[in-house]
2 protein chains.
Amino acid sequence: MQDTKERIIELADRLIRTRGFNAFSYKDISDPLEIKNAAVHYYFPSKTDLGIAVINQEIEKLAINKLYWATFPENEQLQFFFDVFYQRSKQGYICLMGSLSPDYETLSAAMQEKVQHMSEDVLEWVTLCLENGRKKQLFHFEGDAYNRALLVVSNMISSLLLARVTGKEVFEKISNQLLKDLL
Amino acid sequence: MQDTKERIIELADRLIRTRGFNAFSYKDISDPLEIKNAAVHYYFPSKTDLGIAVINQEIEKLAINKLYWATFPENEQLQFFFDVFYQRSKQGYICLMGSLSPDYETLSAAMQEKVQHMSEDVLEWVTLCLENGRKKQLFHFEGDAYNRALLVVSNMISSLLLARVTGKEVFEKISNQLLKDLL
DNA sequence: AAATTTACTTACTTGTAGGTAAGTAAGCAA
DNA sequence: TTGCTTACTTACCTACAAGTAAGTAAATTT
């Protein structure tokens with residue numbers, strides 16, 4: 001039953017996005033899955049191990065998406081990217097970066113490294129997407145593509161945060177404004 | 001010694017910004033101040049009371065700043081606003097919104113309300129600042145001022161988050177890009 | 001001078017956190 | 001069929017979380 005391991009990661013992912021890494025316990029995982037907390041420790045000896053598994057899964061998901069999106073023009077690629085966040089906003093979830101970066105100082109060195117890795121991955125992809133899109137005249141913006149990518153990523157992260165507090169319509173308002181500025 | 005109460009709020013504020021609301025305990029406050037944890041409960045019976053006090057202080061600080069800034073032209077007002085965040089980024093602190101919104105679902109109803117209040121306050125001010133600044137031709141942007149304010153606030157929040165993970169230079173890159181787009 | 005309030009401390013409680021050691025039933029491998 | 005591995009459970013531990021009840025010394029009010 002490798003199934004259990006995947007269900008633990010799945011639930012941990014949801015808990016990190018909804019409550020935060022420091023606000024869920026092994027009990028929050030073992031109870032709904034109807035196993036004992038020691039069973040969670042069996043697969044993930046420490047909470048750090050579990051956190052890392054969740055981040056790794058996210059990094060892999062991005063890698064798969066990147067491959068799939070690569071066949072489309074850059075403006076559509078960026079739209080796909082936004083859609084990932086849009087789906088999350090509808091569920092009331094935030095993204096891993098938005099959840100883990102506030103807790104950054106409380107995370108183990110190993111988790112901090114993974115969080116860094118993930119953010120670099122995302123920023124690198126958005127930078128390339130914007131850069132290539134501009135060359136093809138699909139995007140129009142001034143300045144360094146990396147700086148523009150920072151703006152895009154930054155807005156994705158915190159529009160999910162704001163959406164939770166001030167209402168879900170906020171996400172669409174921010175992403176529409178962002179796109180208008182770029183196209 | 002009303003002093004103790006203020007020092008508790010001060011330290012709680014720092015802990016919320018550095019570690020997160022769910023990642024500090026009364027011990028983290030009582031130890032450095034060399035008092036007992038019950039002394040913290042004396043001033044703030046529950047953790048929620050303490051959280052609310054911290055948010056209230058922030059709302060008051062903004063109110064004072066708003067009054068002071070009002071005598072300046074809007075582009076300078078916005079620069080002052082950015083500077084508040086810039087100072088935080090240099091300290092490695094994040095803002096209250098960036099810290100409390102990921103934990104939003106785990107907060108008491110009373111704290112959730114306060115967080116909402118704070119975010120509405122900030123958004124209202126930035127919206128007015130942008131709107132008035134545009135009328136005076138100090139800002140140049142397309143679309144609704146509120147949507148643009150969302151973008152500005154959203155970037156302030158998450159540039160502090162990103163700065164923590166990918167380096168402090170990120171804050172300046174984002175805010176410079178933002179200002180360039182507006183001026 | 002007596003009563004009350006302020007600003008705490010002492011000493012506790014209950015609950016839960018993350019984690020571990022030892023056991024076990026079922027499956028598979030030699 | 002014996003032994004090893006997998007996938008857990010049982011039963012526990014230590015640490016600490018938030019919170020409280022009762023006490024107290026000093027200051028303030030009446």
Side-chain angles (χ1 to χ4, degrees), chain A residues 1-55 99-100 102-112 114-115, chain B residues 1-55 99-100 102-112 114-115:
Chain A
M1 300 225 176
Q2 196 60 357
D3 207 53
T4 300
K5 191 175 181 177
E6 276 154 38
R7 287 201 288 161
I8 292 171
I9 295 177
E10 197 59 32
L11 183 50
D13 180 281
R14 195 155 77 230
L15 287 165
I16 290 175
R17 290 178 199 271
T18 51
R19 321 189 73 75
F21 188 72
N22 290 318
F24 81 89
S25 70
Y26 274 44
K27 198 173 184 303
D28 295 321
I29 289 184
S30 55
D31 278 0
L33 298 185
E34 288 173 302
I35 52 177
K36 302 294 156 179
N37 79 325
V40 185
H41 281 286
Y42 169 71
Y43 290 106
F44 304 100
S46 76
K47 208 180 171 185
T48 283
D49 297 317
L50 179 51
I52 286 174
V54 169
I55 303 174
S99 175
L100 295 175
D103 295 341
Y104 194 71
E105 301 295 329
T106 71
L107 304 177
S108 66
M111 269 195 80
Q112 289 188 347
K114 276 286 162 193
V115 172
Chain B
M1 301 227 175
Q2 197 58 359
D3 206 54
T4 300
K5 191 176 182 178
E6 277 153 37
R7 287 201 287 161
I8 291 171
I9 296 177
E10 197 60 32
L11 183 49
D13 180 280
R14 194 155 76 229
L15 286 166
I16 290 174
R17 291 178 200 270
T18 50
R19 320 190 75 73
F21 188 73
N22 290 319
F24 80 89
S25 71
Y26 275 44
K27 199 173 184 303
D28 294 321
I29 289 184
S30 55
D31 278 1
L33 299 185
E34 288 172 302
I35 52 177
K36 302 293 155 179
N37 78 323
V40 185
H41 281 286
Y42 168 72
Y43 289 107
F44 304 100
S46 76
K47 208 179 170 186
T48 283
D49 297 317
L50 178 52
I52 287 175
V54 169
I55 302 174
S99 175
L100 295 174
D103 295 341
Y104 193 71
E105 302 295 329
T106 71
L107 304 177
S108 66
M111 268 195 80
Q112 289 188 346
K114 276 286 162 194
V115 171

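Order of the sequence lines fixes the chain letters, A, B, ..., with proteins taken first and strands second; residue numbering starts at 1 for each chain.
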(request) Could you please spell out the steps behind the side chain to side chain contact (heavy atoms under 4.5 Å, CB included) verdict for B:Lys27 and B:Asn37? (result) CA-CA 6 Å; B:Lys27 199 173 184 303; B:Asn37 78 323; 5.8 Å; no
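Whole-Å rounding puts the B:Lys36 NZ to C:dC12 P distance at 14 Å. Separating the CZ atom of B:Arg19 from the P atom of D:dA17 is a distance of 11 Å, rounded to the nearest angstrom. Distance B:Tyr26 OH to C:dT10 C1': 18 Å, rounded to the nearest Å. We find that CG of B:Asp31 is positioned 12 Å from P of C:dT9, with the value rounded to whole Å. Atom CG in A:Leu33 sits roughly 11 Å away from atom P in D:dT9 (whole-Å rounding). In this structure, B:Glu34 places its CD atom 15 Å from C1' of C:dC8, rounding to the nearest Å. When rounded to the nearest whole Å, the span between NE2 of A:His41 and P of C:dA22 equals 17 Å. Taking atom CD1 of residue A:Ile35 and atom P of nucleotide C:dT24, one finds them 21 Å apart after rounding to whole Å.
Note on A:Ser25: a side-chain N or O is less than 4.0 Å away from OP1 or OP2 of C:dA17. Close to D:dA18, at under 4.0 Å from its OP1 or OP2, lies no side-chain N or O of B:Ser46. Look at A:Tyr42 and you'll find a side-chain N or O under 4.0 angstrom from OP1 or OP2 of D:dA7. OP1 or OP2 of D:dC8 has at least one side-chain nitrogen or oxygen of A:Tyr43 nearer than 4.0 Å.
Under the 4.5 Å side-chain criterion, counting only non-hydrogen atoms from C-beta, A:Phe21 is not in contact with A:Thr106. B:Leu11 has its side chain within reach of B:Arg14: a pair of non-hydrogen atoms, C-beta onward, lies under 4.5 Å apart.
As judged by a 4.0 angstrom heavy-atom cut-off over every strand, B:Phe24 is placed among residues touching the sugar-phosphate backbone only. If you check every strand for non-hydrogen atoms under 4.0 Å, A:Lys47 touches sugar and phosphate atoms only.
Separation of atoms CG (A:Leu107) and CD1 (A:Ile55) is listed at 7.5 Å; rounding is to 0.5 Å.
Candidate nucleotides C:dA17, C:dT9, C:dG19 were compared by shortest atom distance to the side chain of A:Lys27, and C:dA17 ranks first. Listed candidates were C:dG19, D:dA21, D:dT9. Nearest to the side chain of B:Ala38 is D:dA21.
Each of A:Gln112, A:Lys114, A:Arg17, A:Met111 was compared with A:Leu100 under the side chain to side chain contact (heavy atoms under 4.5 Å, CB included) criterion, and only A:Met111 meets it.
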